[in-house]
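Here is the structure we will look at, set down as structure tokens.
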Protein chains: 2
Amino acid sequence: MATGARHTDRREDALSRERIVDAAVELLDIAGESGLTFRALSAQLKTGPGAIYWHVANKSELLDAATDAVLSAATTGDHAGSPAERIRAVALGLFDAIDQHPWLAPQLANNPWKSVTLQLFDRVGQQVQALGVPSPAQFTSASALMIYILGAAGQNAANAANARTQQPDGDRAALLETESAAWERLDRAGYPFLHDIAAQFREHDDRAQFLAGVDLILAGITALRPQG
Amino acid sequence: MATGARHTDRREDALSRERIVDAAVELLDIAGESGLTFRALSAQLKTGPGAIYWHVANKSELLDAATDAVLSAATTGDHAGSPAERIRAVALGLFDAIDQHPWLAPQLANNPWKSVTLQLFDRVGQQVQALGVPSPAQFTSASALMIYILGAAGQNAANAANARTQQPDGDRAALLETESAAWERLDRAGYPFLHDIAAQFREHDDRAQFLAGVDLILAGITALRPQG
DNA sequence: ACCTGAACACCGTTCAAGT
DNA sequence: ACCTGAACACCGTTCAAGT
């Protein structure tokens, strides 16, 4: 990218785990998981592929480190407010992080119970407790929220990636239009529901839809509380 | 695997797309997505790797076909019952299919709106309509259910895969024990919630937990209905 | 202690050549 | 029309050898 560097072309800094992880995140953001290659990485860092293995055990560890770096930077911020508002804040933070770094989605899906994810799970769980959910139902409630948040954010990222691949200029509106039109063309007998909501789907806003889902689960949590 | 085949070692059948897909599913079930290789596949089918390309465009199409084959076989069955019961049946069908074929999870996460997924989405949506959800909320409700179902089933499959990798004999109980003990060792100040529910986590049943989440969302859907 | 870069054992995919 | 199998352009990872 930055081709402007003129004279002294010697390595400006020693290789370090941090520089490697930063470069990895850059590659991942530009070209997705398949764009992160030890050869591309070493080219960008002006080393041989073997050098990276001195600082990082393998590609899996590198992906974990990249995930940690991006996610811990994106989720610091301790919003105040009601329990529901705080849960929405965590949810939106994750949604936006995955939207900006779509490679996070499979990474988070494949290994839950990693430290950053656990912190977020705990934050959600604390607010579930603050909502007055009795102890036996807390795990179910916090899990359902977490699963929905990660799943919806991941689907959103996948849709964006598919839009970039399938449509000429990566237009989200065009993808919605195509999909919605396809639903309208389905026979009403076989797909009555899709037929009905095709128009709704065409005009929906991903972020708003995501938050509506969070609120739906929050309503369920509240509804199942003993006090009703 | 089957080394017992004696005489006539000529190819018993011509190659066909169906035979290729069946063999692909077999490889995927045994060794996961990384086990599906055009070389392994052609070895099992006693051909060259190039032959497969006559019937299948590329690996992505092969994975799609394998997903279709497994999922359409696993989700036929038109249970009767209340809308909630029917939704639970679809949910359990998907949960079990992904549990038995863990490679389905990333496949379904990466391309929603594929024909089989659309059928299931429509089935869920029909029951949402049967529950009396007003039109504007139908898409949110069905989406939330679908996202939760796919997400929870995927996490369950990922956990099972990790248990197989990390623990000596792939013991799920051992993984739960290890994880739960780790949560109890976390400091109470930083992770109050995890600390509290560690014991619950140790004893939870994945399938029951999954259904409890479905019911939680159903409760939310019901709670947000106009009639209350 | 840290880096180099050739080498190994794999991939998906293509394509001339065969039947 | 369908299959063969060598070849191409990649991978992640290792490791003797250098500094």
Side-chain angles (χ1 to χ4, degrees), chain A residues 5 8-67 103 106-107 110-111 161-162 165-166, chain B residues 5 8-67 103 106-107 110-111 161-162 165-166:
Chain A
T8 70
D9 213 19
R10 64 190 162 100
R11 187 138 63 267
E12 52 267 32
D13 252 331
L15 212 51
S16 71
R17 192 182 157 94
E18 201 193 348
R19 284 191 61 222
I20 291 172
V21 171
D22 286 351
V25 169
E26 211 172 312
L27 283 176
L28 287 164
D29 286 346
I30 292 172
E33 183 166 336
S34 71
L36 177 59
T37 283
F38 277 81
R39 281 167 181 84
L41 196 54
S42 57
Q44 190 169 342
L45 294 167
K46 306 197 173 176
T47 11
I52 296 168
Y53 281 89
W54 183 263
H55 301 273
V56 164
N58 50 40
K59 188 170 182 176
S60 165
E61 191 188 293
L62 182 54
L63 276 167
D64 282 353
T67 302
W103 49 273
Q107 196 59 21
N110 285 332
N111 37 8
N162 289 344
T165 312
Q166 291 167 19
Chain B
T8 69
D9 212 20
R10 64 191 160 100
R11 186 138 66 269
E12 53 268 31
D13 252 331
L15 210 51
S16 70
R17 192 183 156 94
E18 200 193 349
R19 283 190 63 221
I20 292 172
V21 171
D22 286 351
V25 169
E26 212 173 311
L27 283 176
L28 286 165
D29 286 345
I30 292 172
E33 184 168 332
S34 71
L36 176 60
T37 282
F38 277 80
R39 280 166 182 84
L41 197 54
S42 58
Q44 189 170 341
L45 293 168
K46 305 197 173 175
T47 10
I52 297 168
Y53 281 89
W54 183 261
H55 301 272
V56 164
N58 50 40
K59 189 169 181 177
S60 165
E61 190 187 295
L62 183 54
L63 275 167
D64 282 354
T67 302
W103 49 272
Q107 197 60 19
N110 285 331
N111 37 9
N162 289 342
T165 312
Q166 291 167 20

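Reminder, nothing fancy here: chain letters follow the sequence lines and each chain counts from 1.
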A:Phe38 CZ - C:dT4 P separation (whole Å): 15 Å

Test log, rule side chain to side chain contact (heavy atoms under 4.5 Å, CB included), inputs B:Thr67 and B:Asn111: CA-CA 11 Å; B:Thr67 302; B:Asn111 37 9; over 6 Å; no

Most 5' of A:Ala40 and B:Pro49 on DNA chain D, judged by nearest nucleotide: B:Pro49

Any-strand Watson-Crick or G-U partner of C:dG18, both distances under 3.5 Å: D:dC2

C:dT13 - base-pair partner by Watson-Crick or wobble geometry, distances under 3.5 Å: D:dA7

Distance test, side-chain N/O of A:His55 to OP1/OP2 of C:dC3, below 4.0 Å: yes

Candidates C:dT13, D:dG12, C:dC3 - which lies nearest the side chain of A:Thr47: C:dC3

Spacing of B:Arg17 atom CZ relative to D:dA1 atom P, expressed in whole Å: 19 Å

Options C:dT13, D:dT13, C:dC11, nucleotide nearest the side-chain atoms of A:Lys59: D:dT13

d(CD1, B:Ile52; P, D:dG5) in whole Å: 13 Å

A:Lys59 bridged to A:Glu33 by N-O distance under 4.0 Å: no

Nucleotide nearest A:Thr37 (side chain, heavy atoms from C-beta), chosen from D:dT4, C:dG5, D:dG12: D:dG12

Atom pair CH2 (A:Trp103) and CG (A:Leu28), whose distance is rounded to the nearest 0.5 Å: 5.0 Å

For atom CG of B:Leu27 and atom C1' of C:dC11, their distance in whole Å: 15 Å

Gap separating the CZ atom of B:Phe38 from the CG atom of B:Asn58, nearest 0.5 angstrom: 7.0 Å

A:Arg39 side chain, from C-beta outward: closest of D:dC3, C:dG12, C:dA7: C:dA7

Candidates D:dG12, C:dT4, D:dC2 - which lies nearest the side chain of B:Trp54: D:dC2

Nucleotide D:dC3, atom P - distance to NZ of B:Lys46 in whole Å: 15 Å

Touch class at under 4.0 angstrom, heavy-atom based, for B:Leu36 against every strand present: sugar-phosphate

Pairwise distance CZ(B:Arg19) to CD(B:Gln44) - rounded to 0.5 angstrom: 9.5 Å

Contact nearer the 5' end of DNA chain C, comparing A:Ser16 with B:Ala51: A:Ser16

